[in-house]
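Below, read A as the first sequence line, B as the second, and so on, with proteins coming before strands; counting in each chain starts at 1.
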Number of protein chains: 2
Amino acid sequence: MSGISHATVSRLPRYLRLLEELEGAHETVSSDDLAVAAGVNAANVRRDLSDLEFQGTRGVGYSVPSLGDRIRRELGIESRRLVAIIGAGNLGTALARYDGLAKRGFDVTAIYDTDPNRVGQSIGDVQIQRMEDMPMDCKVGCFDMAILAVPANAAQSVTDLLVKEGVHSILNFAPVRVSVPEGVAVRQVDLSTELQILSYYG
Amino acid sequence: MSGISHATVSRLPRYLRLLEELEGAHETVSSDDLAVAAGVNAANVRRDLSDLEFQGTRGVGYSVPSLGDRIRRELGIESRRLVAIIGAGNLGTALARYDGLAKRGFDVTAIYDTDPNRVGQSIGDVQIQRMEDMPMDCKVGCFDMAILAVPANAAQSVTDLLVKEGVHSILNFAPVRVSVPEGVAVRQVDLSTELQILSYYG
DNA sequence: TAGATTGTTAATCGATTAACAATC
DNA sequence: TAGATTGTTAATCGATTAACAATC
């Protein structure tokens, strides 16, 4: 449908990373530079950008700021995105403290936990809230993406709740596949799976 | 060379997850069940297992324990794997506390940090050690895989050190691509990249 | 013009899948 | 035997890449 393949989408952040490094310092960048940075073939880069209908200049390269804008627009991150973290355990706390998120345009605007002892405490400048407050916050536009850092057994029910409130981008750190309706995107990051795959190649 | 594709390797952990749930309860499993659990096509499952030269029984299915063994063997996780965590900041600590690792055969045997205040403290039953102790620990076989939870600017130098000491499986949580010699496997998990991709689909 | 680099074609490669004979 | 399910073929689909004309 949208005509841009998943393989291409997954490379866009890697291009963007180089572009953001270059911004201010270089006017243009070549497909070759992008290829090296992203660890792919230069023809692949040109094909990707051509899929975005983004044009470069022969003999010169691609405009760094324009390409950055184009990719950010494609990814839907022209403006800052508001993210909630669900679960303020070890992992949720670690993720909330990670400043690399803000640097790349993602603001953690809310953190929720079910533990009454944890509620009210602050991580950085965000206060941990009761899970019950989540639906209302979401409705008021406090966030529209969520990072799941809850135990496996809570993952599906929390997901259902998030989806119900209109969140349609979920990054799931719980070690279970959650199911979501059409139109909602989930990506799962699973430590053991990563290590198992690594084990094969290492 | 080894004849089993990356696409196949990346599905093996998903099959294994179902198999481990089923172990004890069911003797056999069908390609269809595996397919549903892994979110792939049943023909794809059969092709994968056939690539492993693992045979099922027509009309019956695949032996749950044998297939589990076969996949564990292929992934190199028949016996427990020993893992070091480098960096005892928020993320390193969260990962060290995560009990899902031990459950899936990965033992965190060492944690290192450069912060003298952190050294000597314990996470679970593992004491944080000085970075300088890492090479010797590695040589003695204390671990042979590593999880990098250090700042971006330290990632490459720590990687070089790990590689030098013989580690050839590295899971990198630092938001930079590290380069390694042939034969060393690295996988990178990057939060912003995940969110950017999610943003596209969500 | 000469050198650089894009944009695109066509070839190649690899992975997925429908379909069905084999066989438990 | 009848029903279930594998193993494999052949078709399809999709992604990568070498190569080069176009053009700055």
(message) Quick check: do A:L101 and A:V83 have side-chain heavy atoms less than 4.5 Å from each other?
(response)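 A side-chain contact is absent here, since even the closest heavy-atom pair is not under 4.5 Å.
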
(request) Toss me the dot-bracket line for DNA chain C: Watson-Crick and G-U wobble, both under 3.5 Å, 5' to 3', using | for pairs to another strand and [ ] for crossers. (result) ..||||||||||||||||||||||

(request) Apply salt bridge (charged side-chain N to carboxylate O under 4.0 Å, His left out) to A:E20 and list each qualifying residue two or more places apart in sequence or on a separate chain. (result)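 A:E20 satisfies salt bridge (charged side-chain N to carboxylate O under 4.0 Å, His left out) with A:R72, A:R104 once adjacent residues are dropped.
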
(request) Determine whether the aromatic ring centres of B:H6 and A:Y201 lie less than 6.0 Å apart. (result) yes

(message) Quick test of your reading: applying side chain to side chain donor-acceptor pair (under 3.5 Å), list the pairs with at least one residue in residues 133-149 of chain A, sequence neighbours left out, ordered by first then second residue.
(response) A:R81-A:D144, A:Y112-A:D137, A:R130-A:D133, A:K139-A:E165

(message) With a 6.0 Å cut-off (strictly less than), is the heavy-atom count around CD of A:E132, excluding the residue itself, greater than 12?
(response)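 For A:E132, atom CD is crowded (more than 12 foreign heavy atoms under 6.0 Å).
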
(message) Tell me if the CD atom of B:E27 is crowded by more than 12 foreign heavy atoms within 6.0 Å.
(response)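 Open: at most 12 neighbouring heavy atoms sit under 6.0 Å from CD of B:E27.
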
Quick one about [Y] and [X] (side-chain donor to acceptor, distance below 3.5 Å, no hydrogens or angles considered), yes or no?
X	Y	value
A:R47	A:N41	no
B:R118	B:T93	yes
B:R177	B:N172	no

(request) Considering only NZ, NE, NH1 and NH2 on the basic side and carboxylate oxygens on the acidic side, decide whether A:E21 and A:R17 come within less than 4.0 Å. (result) no

(message) Less than 4.0 angstrom from a charged side-chain N to a carboxylate O is my criterion; do A:R187 and B:E194 meet it?
(response)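 Between B:E194 and A:R187 there is a salt bridge, with a charged N closer than 4.0 Å to a carboxylate O.
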
(message) Short of 4.0 Å, heavy atom to strand atom, which residues of residues 13-23 of chain B count as contacting DNA chain D?
(response) none

(message) Among residues 44-68 of chain B, which ones have heavy-atom contacts with DNA chain D below 4.0 Å?
(response)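 Going residue by residue through residues 44-68 of chain B, the ones with a heavy atom under 4.0 Å of DNA chain D turn out to be B:R46, B:R47, B:S50, B:Q55, B:G56, B:T57, B:R58, B:G59, B:V60, B:G61, B:Y62.
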
(message) Going by side chain to side chain contact (heavy atoms under 4.5 Å, CB included), A:Y62 matches just one of A:T57, A:T28, A:L49. Which one?
(response) A:L49

(request) Under 4.0 Å from any heavy atom of chain B: name the first and the last nucleotide of DNA chain D that qualifies, 5' to 3'. (result)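 The protein-touched segment is D:dA4 to D:dA10.
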
